[in-house]
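Inspection log for the structure reproduced underneath, given as structure tokens.
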Amino acid sequence: MATPNDDKPATTGLEPSPADANRSEQSAAVLAQEPGEILTTNQGLLISDNQNSLRGGARGPTLLEDHILREKIMHFDHERIPERVVHARGSGAHGVFEVYESMSRYTKADFLQDPGTKTPVFVRFSTVVGSRGSADTARDVRGFAVKFYTDEGNFDLVGNNIPVFFIQDAVKFPDLVHAIKPEPHHEIPQASSAHDTFWDFISLMPESAHMIMWLMSDRAIPRSYAMMEGFGVHTFRFINDLGESSFVKFHWKPVLGVHSLVWDEAVKLAGKDPDFHRRDLWESINRGQYPEWELGVQIVTEEDEGQFDFDLLDATKLIPELMVPVQIVGKLTLNRNPDNFFAETEQVAFHPGNIVPGIDFSNDPLLQGRLFSYTDTQLSRLGSPNFHEIPINCPIASVDNNQRDGHMRQTIVKGRVSYEPNSLGSGYPMQQPEEYGGFASYPQALEGEKIRVRSNSFADHFSQAALFWRSQSAREKDHIVSAFCFELGKVEVDAVRERVVSMLTQIDKFLAYRVAEGLGMAVPPPAGGAKSVLSDDQLDIDPSLSMSDTRKDSIIGRKVAVLIADGVDEASIDTVSKALAAKGATVKLIAPRLGEIKSRKHEFIKVNRSLPTVGSVMFDAVFIPGGQQSSENLCADADAVMFVKEAYKHGKAIAANNDGTLLLEKAARSAGLEHGAFKGPGVITSSSQAVDDEFAENFIAAIAMHRFFERSDMDAIAS
Ligand code: HDE
């Protein structure tokens, strides 16, 4: 809401303040005031002058008496709270979850019973390593944390976009995080795993082999939050009404398919638009293109727990989808942006321990450690044990217990009773037996000694890393090799590099050879200390581990740049833009300068962004309409040439008609390509002055393909 002070000019302090000058109008406004229209202190006092502090004379000292100034500055001084120790940079949205059909066979969780139930959710996506101000596109795991506000209390599914984790036991988490965060002596590098301490740790922790394969893949540089998968990672339990338990792994499958950036784009985006992912999320919700994921579950019965050659309790392993298919059971839709980043996205407090009847934990030692960490961390981050009272964390279920007081307590509980059992309060609030919905832990039989030991069933660190590698397409493998070469190339200590490459030999000899070659070193022998208990009964590949066969028939949420300059032919802009918009893409007209350009027919076209403020990396595709003068202008503009060259190198769909194709030739020449113009897969051209529907359809089909890695000459292009 606009306030009366929105456009107030600054004053020197010597002239009467606008408040003084307008005193009579102000009093009229006060009389007619609506909540939110008049500035007040935190005590509700109406403020008459927000421009000048209280002084002893117009040029005299500021008086300590100025309670309004002191309150304002005190609040400002304390605006920052500690950022999350991991997952500091994030972005969130509200939404709703609906189950497709009753899951009562497996779980009694109320929100999974009835397809009509709409459960409100808040989701926060994040990177792990970087600080709050770091870039969205850093190579990193993405957090995918979902808070379901169910009528039985909050259920938090605090997962990642990678289905496995670096370590098997929570006791190693502080070591992992210390190793991957900036090195403590100089706080370098920010938001990056490409440094000695991380790889030193990894090289000594063979259990991380599977996870680093994912981290070095393009999964770690998603195109958009709406185009990445989510995973609960750990094995959880479902418990049904009969008290029967089964094991469950949770999956989020993006409706738009799984798509990633390429590394060169991710690096450039970190400078051109460090907010790339959060902007994408915000804008798509504002446009009404609500991001959607389907909830999937892999269910394993108690009897089948032992049928795998890995342990379900080991978070460095996944259950291959070829072994246990993912059943799709519901849909998550994000449909509302937060009103206030701090109040909601920053203050939201997730906790894997927030579960509801029908869902329970497994004995995964990583999960068990997390159960302690999350409440503890909120205490230091949010400053009070009452963080559950912050609106974003409040359950919709009624909260009634005998917890009292503490910093910033909001609830005013009436009466004299704050203990149980009691008779003075008629016994309330009292326990609820399990049969009436009270939570009871699954009564799993336990036996054994109290020991610090890792089960032998956790010992195979390489079979699934190898399965992941074998399941990748040729281009995905190339990207993994390049990522290792980049990351290890930044490592300064030779021995660390050698240990990592030696570890890779246990995943795949050719992978190790290619990385060693890229690093200019010989392939070291497999490390003596690292256990390699390869399973005999391996799948050859699991297609679900690759992104190459993901959905490729939608352009919803795709961004398309139309490069124009004075003299452009407007007819084709209109045809293509309308066709793209009808299929859910956003179109931006990009010209050498802002303002308006004059078309071939002397009509004025408003420019959305100027070339110096954008880059091809901010778009999924580019269209160059015809118009001789426009093409000549663009061919003479280094930014425009670079734009097209880079889009081609990154495998993006490119369309051009009539004289627009001149820019394809210019860009190809500047890229040093002998054949004289960009062509081949994903490049759509037409010599017609006015393009037809078929041209637009071909362009749309090409954009939906996401990338054309089969362009044989793209790697030769420097950008
Ligand atoms: Fe977390 N993790 N984590 N983690 N984690 C936090 O909690 C921790 C782990 C995950 O958007 C912290 O509120 C330990 C696995 C997400 O607010 C902290 C261990 C997975 C988020 C913490 C793990 C995750 C966090 C930091 C090993 C994937 C962001 C701030 C035992 C299944 C949630 C906070 C958000 C955040 C501890 C391992 C996911 C310190 C001790 C495995 C998505 O409590």
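Note: hydrogens, waters and symmetry copies are ignored here, and every other heavy atom, side chains too, is used. Here the structure is a predicted model, which is why all the values come from computation and not from measurement. One-based numbering, in listed order, for ligands and for the atoms of each.
- Cation-pi geometry between K147 and F350 is satisfied (NZ or CZ under 6.0 Å from the ring centre, within 45° of the ring normal).
- Close approach of ligand 1 to L366 is summarised as follows: ligand atoms under 4.0 Å from at least one heavy atom of the residue are 27 (C), 31 (C), 42 (C).
- In the displayed structure, Y100 atom OH is contacted under 6.0 Å by more than 12 heavy atoms of other residues, nucleotides or ligands.
- Ring centroids of F486 and W263 are separated by less than 6.0 Å, placing the two rings close together.
- Annotation for ligand 1: atoms under 4.0 Å from non-hydrogen atoms of N160 are 20 (C), 28 (C), 39 (C), 43 (C).
- Contact annotation: for Y374 versus ligand 1, heavy atoms closer than 4.0 Å belong to both the backbone and the side chain.
- Residue G232 approaches ligand 1 through these ligand atoms, each under 4.0 Å from one of its heavy atoms: 32 (C).
- Near R84, the atoms of ligand 1 lying under 4.0 angstrom from a non-hydrogen atom of the residue are 17 (O), 30 (C), 35 (C).
- Of the candidates S380, S373, P163, A170, A170 brings a heavy atom nearest to atom 31 (C) of ligand 1.
- Contacts of V86 with ligand 1, taken as heavy-atom pairs under 4.0 Å, involve both backbone and side chain.
- The backbone and the side chain of V158 each have at least one atom closer than 4.0 Å to an atom of ligand 1 (non-hydrogen atoms only).
- Between atom 20 (C) of ligand 1 and the options R370, Q378, K172, the minimum heavy-atom separation is to R370.
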